[in-house]
Every structure is written in structure tokens, then in C-alpha cells.
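Data first, discussion second: the structure below is written as C-alpha cells.
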Amino acid sequence: MPELPEVETVRRTLYDKLVGRTIARVEIITPRQVYHPDPDTFRAELEGIAFTDLKRRGKYLLLELGDRLTLVCHLRMSGHLFICDPGRPRDKHTHVIFHLNDGKELRYEDQRKFGGFHLLGPTGEGMPPGLRTLGPEPLSDDFTPQVLEQALAGRRSPVKAVLLDQSAVAGLGNIYVDEALFCARVHPERPAESLSPDETYRLHGCIRSVLERAVERRGTTFSLYFDGEGKSGDMYDELQVFDRTGAPCPRCGAPIVKLAVAQRGTHVCPACQPAPEGARLQPRRATPGRRGDSVAVAAEPPKPYKKKGD
DNA sequence: CGTATGCCCTGCGCGC
DNA sequence: TGCGCGCAGGGCATAC
């Protein structure tokens with residue numbers, strides 16, 4: 001599940017391989033992964049245009065072309081955008097192929113077909129609504145403790161739900177929200193507005209440090225993620241709570257517990273992150289089937305599941 | 001406006 | 001061994 005650090009890693013690994021290259025031909029295998037405009041216009045606009053820059057906002061990858069086009073790509077749960085040779089066998093989930101003038105291909109694969117493309121002109125028409133309402137970049141100078149305080153103010157929802165809201169803060173997903181809240185010693189079910197100034201300050205610093213470290217480690221390969229060169233990220237083995245149900249808390253040794261908060265699997269240290277008054281304290285019913293949810297033996301650290309064959 | 005719910009889609013672990 | 005069920009999740013539309 002690509003969040004900010006993974007999308008940033010994809011951006012960095014694609015940059016040198018894309019900027020300056022021209023799209024010779026666009027092959028749309030699954031039309032529904034092109035959300036805007038219609039496939040024929042999409043192809044016609046892009047063919048013959050060169051990549052000029054690669055940017056990122058939150059979890060959106062912004063591929064700039066010529067001097068007036070922006071190709072917006074969102075990977076959602078299982079999207080992959082990567083460079084490869086034309087000879088590479090096509091995966092059954094290959095949906096769009098951009099044939100480049102240097103002989104390489106930029107491919108979009110997506111098992112769950114949740115992600116895809118929006119092509120924007122100078123007016124920004126067709127922009128995904130979430131990009132329009134996106135909150136501050138957590139790693140930018142604009143993101144101050146005051147900005148976080150404002151985002152949490154007046155919101156009675158669990159703080160985890162607010163942090164997952166991309167209009168509050170851009171780029172956080174399930175993994176790094178759990179990690180940031182653990183780092184700040186704040187329970188995810190705490191009403192967002194109930195955080196003290198000190199807790200808000202801590203949470204702000206933790207959001208930044210967790211994301212910075214994850215970018216340094218080139219993201220987390222938990223299930224399906226790999227970067228623009230097909231490589232896995234290294235952050236998994238530094239995760240403190242996410243996917244560590246039953247394993248000892250790195251800070252106090254208490255077993256990590258899995259709960260459901262805002263309909264999301266949520267990992268907490270019950271000792272380090274005190275539950276709010278009146279919170280449902282019983283652990284989330286262990287859902288069968290999710291890889292990694294099995295209670296880990298303390299002596300044995302969880303093993304990352306890495307996609308094979310890249 | 002803030003909050004809650006269901007949908008999209010598919011691979012996978014589990015129960016039988 | 002094989003089959004079917006139901007869960008997982010980010011963003012968005014829709015409803016309150």
C-alpha cells in the first residue's frame with residue numbers, strides 16, 4: 001500500500017529514466033484505468049510529448065509533460081509504475097503502457113484496478129477531487145505544529161481517522177499513521193480535538209520523523225509495493241507496531257494489540273498509548289486470513305512478505 | 001460543514 | 001486436495 005514514502009521513492013527512481021524522454025505511443029489495455037479524459041483524447045494528447053518534471057503531492061504522482069500537461073497517477077492499493085524493457089513479459093494486470101523514444105517502456109500494473117490516471121491541462125479540468133482538497137505536505141516547511149493543531153481542532157473523530165483524511169494532512173496511510181501515533185504515545189481512538197498542546201507537538205514531530213525515516217529506507221514493502229525500478233523498500237523491519245500484533249513493544253515490551261479504528265486495522269501498544277476514557281478496550285476480533293496477523297512469537301521478528309520475481 | 005457508509009476489485013487464508 | 005467465503009484498503013459518491 002503506497003503511502004507518501006513509497007510514492008516519493010517511485011518518483012525518485014523514475015526521475016532520471018523519464019525526464020527528457022518522449023512518449024512515442026500510448027497503449028491502453030484497460031480503459032477504465034484512464035479516468036480523464038476519454039482514452040482517445042488521452043492518447044492523442046500524450047503521444048509526441050516529453051516528460052519535463054516529476055513531482056509529488058501526498059500520494060499523487062505528478063508527471064509533467066511539455067509545458068502545459070500534467071499526468072496525475074495514483075497507485076491506490078496495488079498500483080505499480082515502473083520502467084522496463086519491451087521484452088519483459090506482460091503481467092496479466094498490465095493496464096497501460098507508455099512506449100518511450102529511448103526504447104524503454106513505462107508500465108502501469110494494478111492487481112486491484114483501484115488506481116490510474118488523470119491527464120490535466122493548464123486549467124486543471126478533470127482533476128481528481130482529492131487532489132484539489134489535499135492538505136499540507138507533512139515534510140514541507142508549511143507543516144508546523146500550529147497547522148496540525150488547526151487540522152485536529154473541532155474534530156471529534158478518532159485522531160487516526162483525521163490523520164487518514166487527506167484534506168487534513170497529505171500522504172499518510174494506515175502504516176505510517178499507526179507508527180506516528182505510537183511514536184507520539186497517543187492512542188488512535190482519542191478524539192482529535194482532545195489532544196493536549198504537548199501531544200499535538202509530539203505528534204507533529206513524529207509524523208515528520210516517521211515519514212523521513214521511511215523515505216530514507218525507500219518505503220515499506222508489506223504486500224505488493226515496489227518502486228520505479230522494481231525494487232522493494234527496506235522500512236518493514238523498522239516498523240514498531242504495524243503488522244506486529246502480539247510481538248513485544250520495542251519501548252516497553254508489552255504485546256502489541258490489534259484493534260479496529262475507523263474501520264481500519266490498527267496496531268497499538270496498550271501500555272504506551274493509553275486508551276481514552278470510555279473507549280472499547282477489547283481487542284478487535286482476530287480476523288482470519290491476513291498474512292502477518294498471526295500472533296508472532298517474541299523471539300521471532302516478523303518476516304516481510306516480498307513480492308517475488310522483480 | 002462534519003461524519004458515516006458502501007462501493008470499487010482481486011488475491012489470499014481459512015474452514016469445510 | 002479443492003472449493004467458496006469474506007476480508008483488506010484509499011478515495012469518492014452519497015446520505016444524513
Side-chain angles (χ1 to χ4, degrees), chain A residues 1-7 10 29-36 56-62 72-81 91-96 108-118 126-135 138 150-179 188-194 219-226 242-243 245 258-267 284-296 302-309:
Chain A
M1 35 188 118
E3 307 180 22
L4 186 154
E6 289 76 29
V7 179
V10 171
I29 297 151
T30 312
R32 64 175 304 161
Q33 307 313 127
V34 174
Y35 294 104
H36 180 89
R56 179 193 56 74
R57 270 288 276 138
K59 303 176 196 170
Y60 293 89
L61 204 52
L62 310 175
V72 179
C73 178
H74 201 299
L75 304 172
R76 294 285 184 102
M77 304 301 303
S78 56
H80 296 126
L81 196 61
D91 186 88
K92 64 188 273 203
H93 307 103
T94 303
H95 303 306
V96 183
Y108 181 71
E109 296 181 358
D110 191 343
Q111 285 194 357
R112 294 187 186 167
K113 300 182 183 172
F114 276 13
F117 298 94
H118 291 74
M127 181 183 294
L131 181 54
R132 204 178 293 273
T133 58
L134 204 58
Q150 274 304 304
L152 302 180
R155 300 193 61 167
R156 278 177 279 179
S157 302
V159 60
K160 171 158 181 171
V162 175
L163 294 180
L164 287 172
D165 177 354
Q166 301 298 296
S167 70
V169 182
L172 290 169
N174 211 35
I175 296 176
Y176 298 116
V177 165
D178 281 6
E179 293 296 310
E189 288 186 297
R190 293 274 304 282
E193 63 180 6
S194 78
T220 300
T221 293
F222 172 57
S223 56
L224 295 165
Y225 165 77
F226 57 82
F242 188 85
D243 198 36
T245 309
K258 186 166 184 179
L259 321 161
V261 179
Q263 280 90 264
R264 295 287 194 278
T266 299
H267 309 77
R284 172 185 208 249
R285 191 169 101 50
T287 53
R290 282 305 280 178
R291 177 177 33 246
D293 278 7
S294 56
V295 174
K303 289 179 298 232
Y305 172 79
K306 302 212 172 172
K307 187 187 201 304
K308 60 189 173 195

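Model, not experiment: these values are computed from the prediction. Hydrogens, waters and symmetry mates play no part in the numbers below; they use all other heavy atoms, side chains included. We name chains A, B, ... by the order of the sequence lines, and we start the count at 1 in each one.
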Rounded distance (nearest 0.5 Å) linking atom SG of Cys73(A) with atom CD of Gln33(A):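 Output value for this atom pair is 10.0 Å.
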For a stem of at least 3 consecutive Watson-Crick or G-U pairs with distances under 3.5 Å, i pairing with j, i+1 with j-1 and so on, which stems involve DNA chain C?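 Counting only runs of 3 or more consecutive pairs, the stems involving DNA chain C are B:2-16 with C:2-16.
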Can you check the [X] [atom1] to [N] [atom2] distance for me, whole Å?
{"X": "His118(A)", "N": "dG11(C)", "atom1": "NE2", "atom2": "C1'", "answer": "10 Å"}
{"X": "Leu164(A)", "N": "dA8(C)", "atom1": "CG", "atom2": "P", "answer": "15 Å"}
{"X": "Met77(A)", "N": "dG11(C)", "atom1": "CE", "atom2": "P", "answer": "10 Å"}
{"X": "Asp165(A)", "N": "dC1(B)", "atom1": "CG", "atom2": "P", "answer": "13 Å"}
{"X": "Leu61(A)", "N": "dG10(C)", "atom1": "CG", "atom2": "P", "answer": "18 Å"}
{"X": "His93(A)", "N": "dC12(B)", "atom1": "NE2", "atom2": "C1'", "answer": "12 Å"}
{"X": "Asp243(A)", "N": "dG9(C)", "atom1": "CG", "atom2": "C1'", "answer": "14 Å"}
{"X": "His95(A)", "N": "dT10(B)", "atom1": "NE2", "atom2": "C1'", "answer": "10 Å"}

Nucleotide of dT3(B), dG11(B), dG11(C) approaching Tyr60(A) most closely (side-chain heavy atoms):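 Nucleotide nearest to Tyr60(A)'s side chain: dG11(C).
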Does the side chain of [X] reach to within under 4.5 Å of the side chain of [Y], using non-hydrogen atoms?
{"X": "Leu131(A)", "Y": "Gln166(A)", "answer": "no"}
{"X": "Met127(A)", "Y": "Val72(A)", "answer": "no"}
{"X": "Asp110(A)", "Y": "Thr30(A)", "answer": "no"}
{"X": "Leu4(A)", "Y": "Pro138(A)", "answer": "yes"}
{"X": "Tyr108(A)", "Y": "Val34(A)", "answer": "no"}
{"X": "Lys59(A)", "Y": "Leu75(A)", "answer": "no"}
{"X": "Arg112(A)", "Y": "Arg76(A)", "answer": "no"}
{"X": "Glu6(A)", "Y": "Tyr176(A)", "answer": "yes"}

Check whether any side-chain nitrogen or oxygen of [X] sits under 4.0 Å from OP1 or OP2 of [N], and answer yes or no.
{"X": "Arg155(A)", "N": "dT3(B)", "value": "yes"}
{"X": "Lys59(A)", "N": "dG9(C)", "value": "no"}
{"X": "His74(A)", "N": "dG11(C)", "value": "yes"}

Polar atoms only, N or O, under 3.5 Å: list the protein pairs with nucleotides 7-9 of chain B and their distances.
| unit_1 | atom_1 | unit_2 | atom_2 | d |
| --- | --- | --- | --- | --- |
| dC8(B) | O3' | Arg32(A) | NH2 | 3.3 |
| dC9(B) | OP1 | Arg32(A) | NH1 | 2.1 |
| dC9(B) | OP1 | Arg32(A) | NH2 | 2.8 |
| dC9(B) | O4' | Arg112(A) | O | 3.4 |

Select base, sugar-phosphate, or nothing to describe what Asn174(A) touches, counting heavy atoms under 4.0 Å on all strands.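 The answer is sugar-phosphate, as Asn174(A) gets under 4.0 Å only of primed atoms, P, OP1 or OP2.
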For Tyr35(A), which contact category applies under a 4.0 Å heavy-atom criterion: base, sugar-phosphate, or nothing?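 Since no nucleic acid heavy atom lies under 4.0 Å of Tyr35(A), the category is nothing.
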So does Glu193(A) have more than 12 non-hydrogen atoms from other groups sitting under 6.0 Å from CD?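 Enclosed.
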Are there any protein N/O atoms within less than 3.5 Å of an N/O atom in nucleotides 4-6 of chain B, and if so, which ones and at what distance?
none

Check whether any side-chain N or O of Thr266(A) sits under 3.5 Å from a backbone N or O of Arg264(A) as a donor-acceptor pair, and report yes or no.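 Yes, because the side chain of Thr266(A) sits within donor-acceptor range (under 3.5 Å) of the backbone of Arg264(A).
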Examine distances only and state if a side-chain atom of Arg56(A) and a backbone atom of Gly58(A) form a donor-acceptor pair shorter than 3.5 Å.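 Present.
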